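Hydrogens, waters and symmetry mates play no part in the numbers below; they use all other heavy atoms, side chains included. Please read these numbers as outputs of a predicted model, since none were measured by experiment.
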Number of protein chains: 2
Amino acid sequence: MTGWQDIETEVLRRIRDRHWPPGSAIPHEADLAREFGVARATVNRALRGLAEAGWLDRRRRAGTRVAAHPVRKAVLSIPILRAEIEAAGAAYGYRLLRREVDEEMLAVTALHLADGAPYAHEDRKVNLAVVPAIADVDLAVESANAWLVANAPFSHGNFAAGAENAGAAMAELMGVAAGAALLVVERTTWDGPRWITEVRLTYGAGHQIRTVI
Amino acid sequence: MTGWQDIETEVLRRIRDRHWPPGSAIPHEADLAREFGVARATVNRALRGLAEAGWLDRRRRAGTRVAAHPVRKAVLSIPILRAEIEAAGAAYGYRLLRREVDEEMLAVTALHLADGAPYAHEDRKVNLAVVPAIADVDLAVESANAWLVANAPFSHGNFAAGAENAGAAMAELMGVAAGAALLVVERTTWDGPRWITEVRLTYGAGHQIRTVI
DNA sequence: TAGTGGTCTAGACCACCAA
DNA sequence: TGGTGGTCTAGACCACTAC
C-alpha cells in the first residue's frame, strides 16, 4: 500500500539524504505520481504537508524546491491556567487581588495557585465595549481567564515571552526573593478589528514553556 | 465560487456564533457537502484544517464535535541566530569562546552579536558519533549553530524556555548587571533514536520570543 | 455491525507567473 | 503563453469504533 504518508516519508528521506539538496528543484507532481504509482492528488497531499512544515518551497509555474534554510516550527499550545495546573496533578486555587472599572475598561489582577503555592500572577485589561457581560461576572469565583476563554472567542492575537526581575511587590506575592528572574508572558487578543483583552502572566520561579519541535 | 476556505470560514463563524456551541456535534461531512453544494472531499479539506487548528474534534464513527476547550496554538519559528539578527536589520557578529572535545562529545561556547552588542550566549554539546564532520569545522569562522542547521538535519526535538538570573560570568559576557533576568532557551534535537545536539541559548536583557496566535 | 471520517483515484479546470 | 501547483468532483473502498 502506498499512501500519502509513505510518500511524505520518502520525500523527507531524500531531502535528509541530500539526494535532493537544499535549494534544488524536485520533480513535478506528475512525475512523482508516475514514479510512486499514485494519483497526483496523493502526491500533492504529501508535498503540501512538507511545504507547511517548512521543508519545501512551492510556487506555481516555478515548481517545488527544497527549502534553503529549513525553518523549524514549534507549536505552542495555550491552555487555560486551571487546566494547565490540574493536568500537572496539582489542586487549582484562585485569588482575586484587584478589580477596577475605568470607563470602558475592566482591570483585573489575580493569583493562580497550584497546591496552594503561587503559580502565576495575572494582570489583565478587558475592553468592556466588546464584552460588557464580564462586568456582571463575580471574578472572585470565576477567573477572567476562564470566563473569557468560554465566552469571548477571538480571531487572532499576539504572544510574547520574556524574563523580568521580580519587584518587591511581585516577589512577595509569588513567594520568591526580590530580583528573582521570572518568566513573563504577554498576550493581546482581538476579534476581527476589535481589541478584546490584554493579559500579562508572570509565572513562578523556574517555570518553563515546553513543547516539541 | 465556493472553495474549501469559504467553508472553513463559515464553519468557524458558526462556532464563534455559538450556533454550534462547544461540545456539540456538527452535521456529517455528507450533509454539509449537500448544504454547501460541494463534494465531500471539499468539506473534508475544510474540517480537517479546523481540526488541526484545534477547533474541532473528529473521530471515525463518533462524528465531528466542536472542541470543548478550544486550545489555541501559537507557531514558534526557530530561525538561525544569524538570520534572526540580520532580519532585525543589525550586523551579525560571532565570537567563539571555548571549544573542547571530550571522548565522543564536542562542547562549544560562543557569543552571537548584533551590531557589536551581545545578543545571545550559546552553550552547546554535539554528539560526535552522529556528526563527526563537525570536528573538522573551524568553529571560529562558522558557528556550530549555522553548520548544524545546514549539515545535520534532525527529525525531532524538545524546546523549553525559562527565565534565569545572570551569574557574574554571564553578566559580564552579556553586558548586564549581575542578577539580571535573562531569557534562556534550551533545545535538544534527535535524528531518529540518535541524539545530535543539545543547546542552551541565553538571550540579552529584554529579549522576547514573539509570535502570533 | 453499521456509520463515520480517512484516503485514494482519474480527470478536469483554474490561478499564477517565469520565460 | 505555457507549465506548474491549487483545487474541485464523483465515486469508491477502507479503518476505526460506538452501539
Side-chain angles (χ1 to χ4, degrees), chain A residues 1-15 19-71 73 75, chain B residues 1-15 19-71 73 75:
Chain A
M1 289 299 86
T2 303
W4 68 268
Q5 304 199 50
D6 298 303
I7 294 173
E8 184 180 75
T9 301
E10 173 58 16
V11 170
L12 201 46
R13 193 186 65 72
R14 293 185 188 180
I15 295 173
H19 181 61
W20 291 333
S24 66
I26 77 172
H28 315 148
E29 291 189 348
D31 287 344
L32 289 174
R34 264 189 297 276
E35 179 192 339
F36 293 119
V38 300
R40 184 168 76 92
T42 305
V43 172
N44 181 279
R45 177 79 156 93
L47 298 189
R48 192 204 317 145
L50 291 171
E52 284 170 4
W55 288 102
L56 298 173
D57 285 332
R58 319 192 76 200
R59 287 205 318 261
R60 284 165 158 128
R61 167 75 190 186
T64 300
R65 291 180 169 277
V66 179
H69 301 293
V71 175
K73 292 170 183 168
V75 176
Chain B
M1 287 300 83
T2 304
W4 68 268
Q5 305 200 45
D6 299 302
I7 294 173
E8 184 180 74
T9 301
E10 172 60 15
V11 170
L12 201 46
R13 194 187 65 71
R14 293 185 188 179
I15 295 173
H19 180 61
W20 290 334
S24 67
I26 77 172
H28 315 148
E29 291 188 349
D31 287 345
L32 289 173
R34 264 189 296 276
E35 179 193 338
F36 293 119
V38 299
R40 184 168 78 92
T42 305
V43 172
N44 182 279
R45 176 80 156 90
L47 298 189
R48 192 204 319 145
L50 290 171
E52 283 170 4
W55 289 102
L56 298 174
D57 286 332
R58 319 192 75 201
R59 288 206 316 262
R60 283 165 158 130
R61 168 74 189 188
T64 300
R65 292 180 169 277
V66 178
H69 300 294
V71 175
K73 292 170 182 167
V75 176

Determine which pairs satisfy salt bridge (Lys or Arg N to Asp or Glu O under 4.0 Å) with at least one residue from residues 19-28 of chain A, sequence neighbours left out, and list them in order. none
Set of residues satisfying side-chain hydrogen bond (donor to acceptor under 3.5 Å, both in side chains) with respect to [X], sequence neighbours excluded:
X: A/Q5; value: none
X: A/E8; value: none
X: A/R60; value: none
X: A/D31; value: A/R34

Just how large is the angle between the end axes of the helix from C/dT1-D/dA18 to C/dA18-D/dT1, five pairs per end, to 10 degrees?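 Axis angle across the helix from C/dT1-D/dA18 to C/dA18-D/dT1, nearest 10°: 10°.
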So, OP1 or OP2 of C/dG5: does either fall under 4.0 Å of a side-chain N or O from B/R48? no
Hey, is the side chain of A/T64 poking within less than 4.0 Å of OP1 or OP2 on D/dG5, counting only N and O atoms?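 Indeed, a polar side-chain atom of A/T64 lies that close.
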[X] [atom1] to [N] [atom2], straight-line distance once rounded to whole Å:
X: B/N44; N: D/dG11; atom1: CG; atom2: P; result: 17 Å
X: A/R58; N: D/dT4; atom1: CZ; atom2: C1'; result: 9 Å
X: B/L56; N: C/dT4; atom1: CG; atom2: P; result: 16 Å

Do A/D57 and A/T64 pass the side chain to side chain contact (heavy atoms under 4.5 Å, CB included) test, and can you show the C-alpha distance, the side-chain angles, and the key distance before you say yes or no? CA-CA 6 Å; A/D57 285 332; A/T64 300; over 6 Å; no
Where is the tightest heavy-atom contact between A/S24 and A/P21, given as atom of each residue plus distance?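 Closest approach of A/S24 to A/P21, heavy atoms only: OG-O, 2.6 Å.
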Looking at every heavy atom in both A/V66 and A/L56, which two are closest together, and how far apart are they?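 Between these two residues, the closest heavy atoms are CA-CD2, 3.9 Å.
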When you measure from every atom of DNA chain C, which of residues 26-34 of chain B have a heavy atom less than 4.0 Å away?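 Correct list: B/H28, B/E29.
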Tell me which donor-acceptor pairs under 3.5 Å the side chains of residues 36-55 of chain B have, and how far apart each pair is, sequence neighbours excluded?
residue: B/R40; atom: NH1; partner: B/E29; partner atom: OE1; Å: 2.6
residue: B/N44; atom: ND2; partner: B/E29; partner atom: OE2; Å: 2.8

Hey, what are the protein-to-nucleotides 13-19 of chain C N/O distances that come in under 3.5 Å?
residue: C/dA15; atom: N3; partner: A/R60; partner atom: NE; Å: 3.2

More 5' along DNA chain C: A/T42 or B/G63, using each one's nearest nucleotide? B/G63
A/T9: partners by side-chain contact (heavy atoms from CB on, under 4.5 Å), with sequence neighbours left out: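 If we apply the side-chain contact (heavy atoms from CB on, under 4.5 Å) test to A/T9, skipping adjacent residues, there are no hits.
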Once salt bridge (Lys or Arg N to Asp or Glu O under 4.0 Å) is applied, do any residues pair with A/R13, and if so which ones, sequence neighbours excluded?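 Scan of A/R13 (salt bridge (Lys or Arg N to Asp or Glu O under 4.0 Å), adjacent residues dropped) gives A/E10, A/D17.
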